[in-house]
Each structure stands twice: as C-alpha cells, then as structure tokens.
There are 2 protein chains.
Amino acid sequence: MANIRDIAKLTGYSVTTISRVINNHPYVDEKKRQKVLKVIDELNYTPNRTAQNLSYGKTHNLAVILPFVNHPFYSQLLNGILEAAFSRQYKVSLLPTNYDTKLEHQYLEDFAAKSFDGLIVTTRSNHLDDFIPYFQYGPIIFCEETPDGKAPYAAIDLKGSLSESLTYLKEQGIQRLGLTLGRSKRISRNSKLTIQLSREYFPEFDEKNIFWDCCIGEDGVKAAAFFEERGVDGIIAIGDEISAVLLQHWTSSKKPLIIGREDLLISEIMGFSTINHHLKDCGQAAFQLFYENSQEQIKIPYEFIPR
Amino acid sequence: MANIRDIAKLTGYSVTTISRVINNHPYVDEKKRQKVLKVIDELNYTPNRTAQNLSYGKTHNLAVILPFVNHPFYSQLLNGILEAAFSRQYKVSLLPTNYDTKLEHQYLEDFAAKSFDGLIVTTRSNHLDDFIPYFQYGPIIFCEETPDGKAPYAAIDLKGSLSESLTYLKEQGIQRLGLTLGRSKRISRNSKLTIQLSREYFPEFDEKNIFWDCCIGEDGVKAAAFFEERGVDGIIAIGDEISAVLLQHWTSSKKPLIIGREDLLISEIMGFSTINHHLKDCGQAAFQLFYENSQEQIKIPYEFIPR
DNA sequence: GCTTGCTATGAAACGAGTTTCATAGTTTAA
DNA sequence: TTAAACTATGAAACTCGTTTCATAGCAAGC
C-alpha cells in the first residue's frame with residue numbers, strides 16, 4: 001500500500017507538497033497539483049487516518065458507554081447521538097458495560113490512552129467520583145443527572161414526568177399505588193427518586209407495593225400476580241414491555257391503571273398511558289455538549305401520554 | 001501529558017527499555033522494571049493508543065455498516081457483534097447509512113484509509129460489486145447472502161423460514177395469501193425471494209396482494225384496510241410491529257392468520273406466529289468470520305414459532 | 001532602487017509509539 | 001577452553017502523516 005513518500009518519489013516533489021495537495025492548501029503550482037492528483041489516483045493512494053490522527057492529536061472518535069444496545073431506551077438515545085455525531089463527521093464507538101464496573105473502568109483507561117476525543121456516559125456503573133480523574137483527557141458527558149453541578153449532562157426529566165404521572169393517577173382516583181423498579185441491590189438514583197415522589201403524592205404509599213428487580217418484559221408475569229395479591233389499582237412501571245406483560249397477565253376483571261415509560265407501539269395497541277422522554281433529543285443534546293465542550297446541565301422536555 | 005520519552009529521561013533508561021516494560025517483554029532487569037513502573041505511575045502515564053496503532057498497522061477497531069440502530073433487527077444483530085467483538089478486545093464503530101449510497105461509499109473510503117481493521121455490512125445500500133475494490137483493505141463480512149460465493153457472510157436463513165411459514169399457512173388452509181414488503185423502488189433481494197417462494201407454495205398467488213413500502217409499525221393501519229378489501233386470509237408480514245398494528249386495525253370479525261418475523265414480545269401478547277431468526281447468533285458468527293479472516297458463507301438456523 | 005509582501009517549495013522536526021540491529025556481559029555445552 | 005547461546009541494553013530506523021522554518025523568486029509600493 002502506497003504512502004505519502006511513495007507519491008513524493010514518483011512525482012519528484014517533496015512530501016510537503018503532496019501533503020499540501022491532499023489538504024487543499026494554496027501555494028501549490030497548478031501543474032504540480034494536477035500531476036500529484038494523477039499519481040495519487042494511479043496508485044490508488046488514500047492517506048492513513050491513524051497517522052493523521054497521531055499528527056492532529058485528535059481521533060474524531062466519540063465513545064458511548066452504555067449497559068447494552070438491545071433495549072429501546074438505549075437504541076433511541078444512541079440514535080440521537082449517532083445522528084448528531086455523523087453530521088459533524090464524528091465516528092461513534094460503542095462500549096457496552098453490562099453494568100460491569102471493572103469493564104467500565106477499562107473503558108476509562110482506553111479514554112486515557114486517547115482512543116477517543118470524548119465520552120458520552122448514558123448510564124454509569126461506577127461512582128461519579130471515579131470518572132473525575134478522567135475529565136482531563138477530554139469532555140465526558142452524562143445522560144443522567146449528576147448531583148451538584150459536578151459534570152455536564154443531558155438527561156431526561158424523570159422528576160417532571162413522574163410528578164405528572166403521579167398527579168394523573170391521583171386525579172383518576174387511584175387508591176393503592178404500586179411501582180415496578182430495577183435492581184434492588186445498589187438501588188439507582190432513579191429508583192430512589194421514584195419512591196420519594198410516590199410518597200409525596202401518595203402519603204399513604206406502602207413500600208411493600210414495590211415490585212423489585214423488574215428488568216425485562218417477562219418479569220411482568222410475576223409482577224401482575226404480586227400487584228393483584230396486594231390489591232393495587234394504579235402502577236407506574238419501569239418500561240412499556242413490562243407494562244404490557246403485566247396487563248396481559250392480570251387475571252381479575254378490573255385492570256389497574258398503568259403508566260409505562262417509553263411510548264412504544266405496544267402502549268398504543270394495548271391502550272395504556274406512557275411517557276415519551278424524547279430520548280433522541282437527549283442523545284443529540286449530549287453530543288452537542290461534547291462538541292461545544294460545554295459544562296451545561298440540560299433536562300430534556302418529556303411528553304406525558306394519557307390513555 | 002507525558003510520553004514515552006519523558007519516562008525514558010526521568011528514569012535514565014532508553015525508550016526501548018520503557019517500551020519493553022510496557023509490553024511485558026522479558027530481558028529487562030527486575031530493578032529497572034520496578035523503577036520504570038514507579039515513574040509511570042507517578043506521572044500517570046498511559047501509552048497513546050493512536051501511536052501504537054500506527055506502529056502496529058492495526059486499529060483493533062471494527063466497523064459495522066447498518067441503516068440505523070433503533071430497530072429490533074439491527075439492535076439484536078449488533079448485540080451479537082458487540083458481545084463477540086469485546087470478548088476479543090475489539091472496539092466497534094457504528095456507521096449508519098440510512099440507505100444513503102453516497103454515505104456508504106464514504107464509509108468505504110474511511111475503510112481504505114485504514115480507520116478500521118474490518119467491516120461488517122449488515123445491509124448494504126450499494127451494489128455488491130462496489131465493495132469488491134475495498135476487499136484489499138481488510139475483511140468485509142456481510143450479513144446478507146451474496147450471490148455466488150463472492151464474499152463471506154453470516155446471514156439469516158430467510159429461504160428456510162419463509163418456506164416453513166408458507167407450508168404452515170398452507171396446512172392451516174389459507175386460501176388467499178398476502179404479503180407486506182419493503183421499498184418498492186429498488187426492490188431488495190429478500191423481497192424478490194419472498195415473492196418467488198410465495199408463488200411456489202401458492203401457485204394461485206396474486207401479486208396484487210402485496211402491500212408495498214411497509215416499513216414502520218404505523219404502515220400496518222393502511223395494510224389492514226388493504227388486505228381486508230382484497231379478502232386476504234393469511235399474511236406474511238415483514239415485521240412483528242407491523243403485524244401487531246395490522247391485527248389491531250382489522251375490523252371484520254375473522255382475523256387473518258399472520259406471521260411476523262422478529263419474535264418480539266408483542267407477538268406473544270397478541271398471539272400471532274412469528275420467526276426467531278437468532279440474530280444475536282448471526283452477529284456473533286459475522287464477527288467470527290472477520291476474526292478468522294474466513295471466506296465461509298454461513299446460514300444461521302431459525303426457529304419458527306406457530307401460534 | 002530598495003523594502004515589503006506574496007507565492008512556492010522542500011528539508012527536517014514532530015506526534016508517540018515499536019522494532020531492528022549492534023554490542024557486550026554471562027552462562028552453558030562440548 | 002572455546003564456541004555457542006542467552007540475557008540485557010540502547011541508538012537509530014521505522015510506522016505515516018503534518019507542521020515549522022528557511023529559502024528564494026517575483027511583484028507591488030514608495
């Protein structure tokens with residue numbers, strides 16, 4: 001495979017001149033430029049991107065840390081990031097953690113090795129403080145709220161959407177509220193917020209009405225039995241698929257009022273309320289923060305869809 | 001940011017020795033090794049990945065060309081690729097084309113610039129022949145069948161699954177078969193195959209019973225009206241979401257027998273037949289072909305799920 | 001007529017690593 | 001005892017681009 005020195009030799013000009021032609025610098029004699037282009041074409045030469053990156057000290061590569069891809073939440077978010085990134089000529093690498101803190105740490109080391117110009121962390125597995133030493137290597141943007149202005153983020157407005165959901169359930173006369181939440185070990189900030197708000201809007205809310213470790217659709221089967229047993233009549237679920245399975249497996253006649261969180265097609269078909277968190281916008285905003293090396297903290301407006 | 005020559009100066013050893021320590025080469029005096037490691041730690045030094053890549057002539061980067069990510073087909077496939085890639089220390093870049101042939105071509109030029117060690121093409125937008133000149137830059141693996149042994153692939157067994165679907169519909173006494181297919185402009189090979197097989201199994205199959213340009217869930221609304229109008233009683237749809245919407249909007253009492261293609265949760269909930277094409281396996285196989293630089297052509301076994 | 005300023009060019013340094021090769025001291029084997 | 005083999009080390013070349021700097025021809029300005 002030819003390199004720039006081959007082109008220089010074949011044309012009889014210097015490497016500098018070839019570089020100038022490649023980069024459309026002025027100050028190259030038109031005849032020489034033409035000859036260089038001709039030889040480049042003949043030899044089918046393409047400048048080596050890695051060498052260029054080394055020179056520039058930039059990779060034009062952005063990495064996205066996420067637990068996994070095959071979940072609507074992440075694929076929608078990713079979609080927004082990709083769209084924004086490619087419109088700015090950035091390539092996007094995926095770094096799936098599966099919530100493995102060691103793996104995530106390894107990715108941070110990759111970042112320190114200048115593999116990427118920036119990092120978008122959709123969901124982090126390590127503590128925020130573990131990220132701080134890596135801020136020196138380039139912008140790190142989060143897609144979750146960070147406590148007190150420590151790091152830039154573009155996040156969904158979970159507090160807003162939950163408040164509206166709870167208000168709605170109250171207006172609809174719900175008596176006994178139930179929640180499905182994720183991991184019961186290492187409870188997420190989002191779970192804590194959900195519980196806290198539930199208590200605010202439903203002072204009589206009983207924490208025994210929380211169905212924990214509800215992660216994939218199938219978990220809805222057990223959740224249905226659980227909530228029926230406990231006489232729950234209104235549920236805020238962690239996802240639309242779970243909501244769907246839950247409703248499907250509800251045996252007694254009176255179905256509960258359920259609110260999903262993803263605005264998937266299934267929520268429309270089964271007719272339950274949901275929230276569109278505008279994840280694509282969130283992804284685009286996250287990229288923009290990276291691109292502008294901004295320290296801003298942005299909450300994306302959501303849309304509550306009552307049904 | 002420190003580089004290898006800084007470490008060399010500070011320790012008083014040569015750059016070569018530092019490099020040997022970094023790469024765990026033998027032939028380094030244990031005391032010196034310890035001192036080097038100490039200085040590396042003090043300076044918080046990490047070898048620059050781009051420089052290493054330039055030296056090695058490899059990037060340990062794999063790219064995946066795909067139309068978009070937020071579709072179950074691609075996110076499942078991607079999931080398999082990612083899992084396999086990360087177990088082999090490869091990073092994965094996403095190259096979304098949105099079916100834009102020019103953009104895809106640009107990605108091929110990136111490949112020629114040695115941005116990536118290999119390319120997995122899930123769905124191509126350009127003609128296969130346009131890819132051939134790029135084979136010289138590294139393995140290009142397809143996730144679609146290629147005509148006559150021209151290129152390696154790991155693809156779903158569409159012919160098998162369609163045949164089984166058609167057999168099933170015949171056994172169930174279907175009289176008038178309908179199809180939903182994708183783009184009517186630039187008809188895909190898959191669409192052609194679907195039509196061809198439909199004719200084989202249903203000699204009386206009428207091409208007027210094809211609902212074209214059926215791409216997203218919502219298209220199912222129109223599809224339902226279309227098929228009802230034409231008195232269709234069995235449908236092979238291009239996806240599960242479309243199947244769901246179609247069934248949902250079917251107004252007359254007797255619902256058609258419908259077969260989806262993705263084994264999404266919704267197919268179980270609504271109780272229609274579907275096919276699990278084992279896309280994750282497909283993605284893993286594709287990576288393996290890249291990794292072994294194999295020319296093999298693999299079809300992934302599918303599972304037909306009658307309901 | 002002399003100083004600027006612009007066009008045009010290339011040698012060499014730079015980015016940050018790896019690898020080859022030469023050298024030399026020690027062991028080991030015959 | 002001597003040749004071969006192994007350990008240990010570093011200078012310099014190499015990967016492949018970009019950029020700086022020096023040089024020089026030529027035209028415009030005063």
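Every chain is numbered from 1, with letters handed out A, B, ... down the list of sequences. No experiment lies behind these values; they were computed from the predicted model shown.
A donor-acceptor contact closer than 3.5 angstrom is absent between the side chains of A/Q288 and A/Q284. Under 3.5 Å, the side chains of A/S188 and A/S191 contain a donor-acceptor pair of N or O atoms. A donor and an acceptor atom, one from each side chain of B/N53 and B/T59, are nowhere located under 3.5 Å apart.
Atom CG in A/L54 sits roughly 18 Å away from atom P in D/dC14 (whole-Å rounding). Going from atom NZ of A/K9 over to atom P of D/dG17 covers 13 Å, rounded to whole Å. As rounded to whole Å, 19 Å separates atom P of D/dA24 from atom OH of A/Y27. Atom NE2 of A/H25 is separated from atom C1' of D/dT19 by 8 Å (rounded to the nearest Å). One interatomic measurement links the two molecules: CG of B/N24 to P of D/dA8, which rounds to 15 Å at whole-angstrom precision. When rounded to the nearest whole Å, the span between CD1 of B/I4 and P of D/dC14 equals 19 Å. Rounded to a whole Å, the CE atom of A/M1 is 10 Å from the P atom of D/dC16.
As judged by a 4.0 angstrom heavy-atom cut-off over every strand, B/R49 is placed among residues making no nucleic acid contact. Residue contacts shown for B/N53 are absent, as no nucleic acid heavy atom lies under 4.0 Å away. Residue-level contact check: A/T17 touches the backbone only, with heavy atoms under 4.0 Å from sugar-phosphate atoms and none from bases. Backbone-only engagement by B/V28 is indicated by non-hydrogen atom pairs under 4.0 Å involving sugar-phosphate atoms exclusively.
The 5' end of DNA chain D is approached more closely, in terms of each residue's nearest nucleotide, by B/E30 than by the other of A/R20 and B/E30. Toward the 5′ end of DNA chain D lies the nearest nucleotide of B/K32, the other residue of the pair B/K32 and B/S55 mapping further downstream.
Counted within 6.0 Å of NZ on A/K150, heavy atoms from surrounding residues, nucleotides or ligands total more than 12; the atom is thus considered enclosed.
The side-chain tip of B/R186 does not point at the ring of B/Y99 from less than 6.0 angstrom away and within 45° of straight on. Seen from the ring of B/Y137, B/K114 does not count as a face-on cation partner, given the 6.0 Å and 45° thresholds.
Remark: A/Q52 is not in phosphate contact with D/dC16, judged by side-chain N or O atoms under 4.0 Å from OP1 or OP2. When the side-chain nitrogen and oxygen atoms of A/Y56 are compared with OP1 and OP2 of D/dT18, one or more of them lie within a distance under 4.0 Å.
Here the two rings, on A/F131 and A/Y134, have centers that are 6.0 Å apart or farther.
The footprint of chain B on DNA chain C, defined by a heavy-atom cutoff below 4.0 Å, extends from C/dA16 to C/dT20.
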